[in-house]
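Just so you know, these numbers come straight off a predicted model, no measurement behind them. Computation of the quantities below employed the complete heavy-atom set of this structure, encompassing side-chain atoms and omitting hydrogens, waters and symmetry-equivalent molecules. We count ligands from 1, going down the list as the structure has it; atoms in each ligand are counted the same way.
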Amino acid sequence: MPELASFIPAIVEIVKNARDHGRSIGFVPTMGALHAGHLKLMQEARRENNFVVVSIFVNPLQFDRKDDLDRYPRTLAADMAVCSTVPVDLVFTPSAAELYPREQRAFVDVPGLTNHLCGAFRPGHFRGVATVVAKLFNIVRPDRAYFGEKDAQQLAVIRRMVEDLNMPVAVVGIPTVREPDGLALSSRNKHLTAEQRQLATLLPQMINEARSRLDEGERSASTIREALEPMFRTHADVRLEYFEIVEPSTLAPVERIDGPVLIAGAIWVGSTRLIDNMRWPGGQERN
Ligand code: AMP
């Protein structure tokens with residue numbers, strides 16, 4: 001079993017000891033309810049570093065809806081079992097009081113990158129993400145940190161934060177792990193009923209259909225959007241929140257597609273919100 005610690009001084013001490021022994025530190029921040037997507041990040045961290053730290057923290061600062069925070073799955077025993085298969089060296093499970101002992105007054109904002117996609121629908125979300133990741137980086141001080149391309153906007157925000165603030169950490173993006181039918185693995189998939197689980201595949205289907213249209217030579221984002229939106233009018237339990245084609249690093253919307261783009265969408269299935277994205281042309285970034 002990996003070592004488990006909930007207090008910041010213990011984490012600082014254990015990681016310092018590893019670093020003093022010449023080990024490189026790989027870090028995977030998560031909110032728990034670990035699945036094969038998280039596992040891929042941990043395995044990559046294991047492959048590239050001598051000491052791997054995973055954090056499990058459901059960060060209240062990044063939740064724009066209280067019901068989403070309240071019902072977010074918390075499965076620590078199962079998560080520890082996943083971590084021990086990698087194996088991970090250290091699991092950090094702080095309480096909210098440990099990370100936010102008093103009102104947080106200092107924040108990291110990355111405006112511009114957060115105006116579109118999820119940022120337009122989740123006020124304060126990326127400020128909460130960037131702020132907690134900055135705090136976790138300062139506590140763990142990793143050499144490399146691993147994030148999923150599934151949350152492409154999050155990855156772009158973290159990369160920009162690290163560059164603009166000269167944070168001494170290498171950010172590694174990991175391709176999205178999917179179910180056999182194309183649905184991206186997500187902790188929120190646990191909320192879906194069997195019927196909703198079926199409907200959820202509309203999201204990767206829509207993005208794949210957009211890719212096919214680009215392959216066939218269509219170059220107008222609005223034409224593609226108008227062709228695909230009706231996919232979501234067939235069932236009362238599913239609703240398209242957004243569908244956008246954006247430039248992969250600035251995330252600015254692209255109307256005329258003449259270079260690599262990110263095709264991204266968010267849907268609601270019942271009361272569960274799901275996101276996904278794919279690059280076009282294919283081929284995932286890895287650095
Ligand atoms: P979360 O616990 O949802 O905050 O996710 C923790 C990390 O795992 C984030 O960097 C996510 O982008 C990444 N992640 C979540 N789902 C997947 C997936 N299906 N494939 C790859 N990475 C993922």
Side-chain angles (χ1 to χ4, degrees), residues 26-47 52-65 68-69 71-76 78-80 82-83 86 88 91-94 99 117-118 122 125-126 128-137 140 142 144-162 169-192 197 200-201 203-204 207 248 251 262 264-266 272-279 284-287:
F27 178 44
V28 183
T30 81
M31 299 204 296
L34 302 180
H35 52 62
H38 299 111
L39 186 63
K40 184 86 183 303
L41 271 61
M42 295 182 212
Q43 287 167 337
E44 203 57 16
R46 178 80 279 164
R47 208 173 59 76
V52 176
V53 184
V54 169
S55 64
I56 297 176
F57 179 59
V58 183
N59 175 34
L61 209 57
Q62 73 189 65
F63 280 78
D64 47 313
R65 290 181 302 122
D68 189 27
L69 173 63
R71 72 173 189 152
Y72 199 86
R74 289 157 172 93
T75 59
L76 185 60
D79 291 350
M80 285 304 286
V82 173
C83 290
V86 178
V88 159
V91 179
F92 179 31
T93 55
L99 274 192
L117 308 175
C118 297
R122 302 190 67 188
H125 170 68
F126 288 108
V129 170
T131 301
V132 79
V133 171
K135 286 164 76 82
L136 291 169
F137 281 179
V140 176
R144 298 183 193 84
Y146 297 79
F147 294 87
E149 290 179 352
K150 185 197 156 241
D151 298 280
Q153 190 168 23
Q154 169 173 286
L155 177 56
V157 165
I158 300 295
R159 282 195 198 284
R160 188 63 190 249
M161 171 184 84
V162 163
V169 53
V171 175
V172 182
I174 301 293
T176 302
V177 178
R178 298 177 179 281
E179 301 279 6
D181 65 3
L183 183 67
L185 297 187
S186 163
S187 304
R188 290 188 177 86
N189 294 352
K190 287 191 168 67
H191 299 318
L192 302 173
R197 170 65 186 76
T201 60
L203 180 56
I207 297 173
L251 308 183
L262 193 74
T272 301
R273 183 176 179 277
L274 302 174
I275 59 170
D276 200 354
N277 72 86
M278 292 178 206
R279 281 176 169 266
Q284 304 273 355
E285 196 180 0
R286 174 74 172 85
N287 63 12

Atom-level proximity to ligand 1, residues with heavy atom under 4.0 Å: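 These residues qualify: P29, T30, M31, H35, G37, H38, L41, Y72, F147, G148, K150, D151, Q154, P175, T176, V177, L185.
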Spacing of I275 atom CD1 and L117 atom CG [to the nearest 0.5 Å]: 9.0 Å
Side chain proximity check, P29 to F57, heavy atoms < 4.5 angstrom: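 Of all side-chain heavy-atom pairs linking F57 with P29, none is under 4.5 Å.
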Sub-4.5 Å side-chain heavy-atom contact between V132 and L61: no
With R144 via salt bridge (charged side-chain N to carboxylate O under 4.0 Å, His left out) - residues at least two apart: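 Expected list: none.
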S187-R74 side chain donor-acceptor pair, cut-off 3.5 Å: no
Side-chain ion pair, D68 and R273, N-O less than 4.0 Å: no
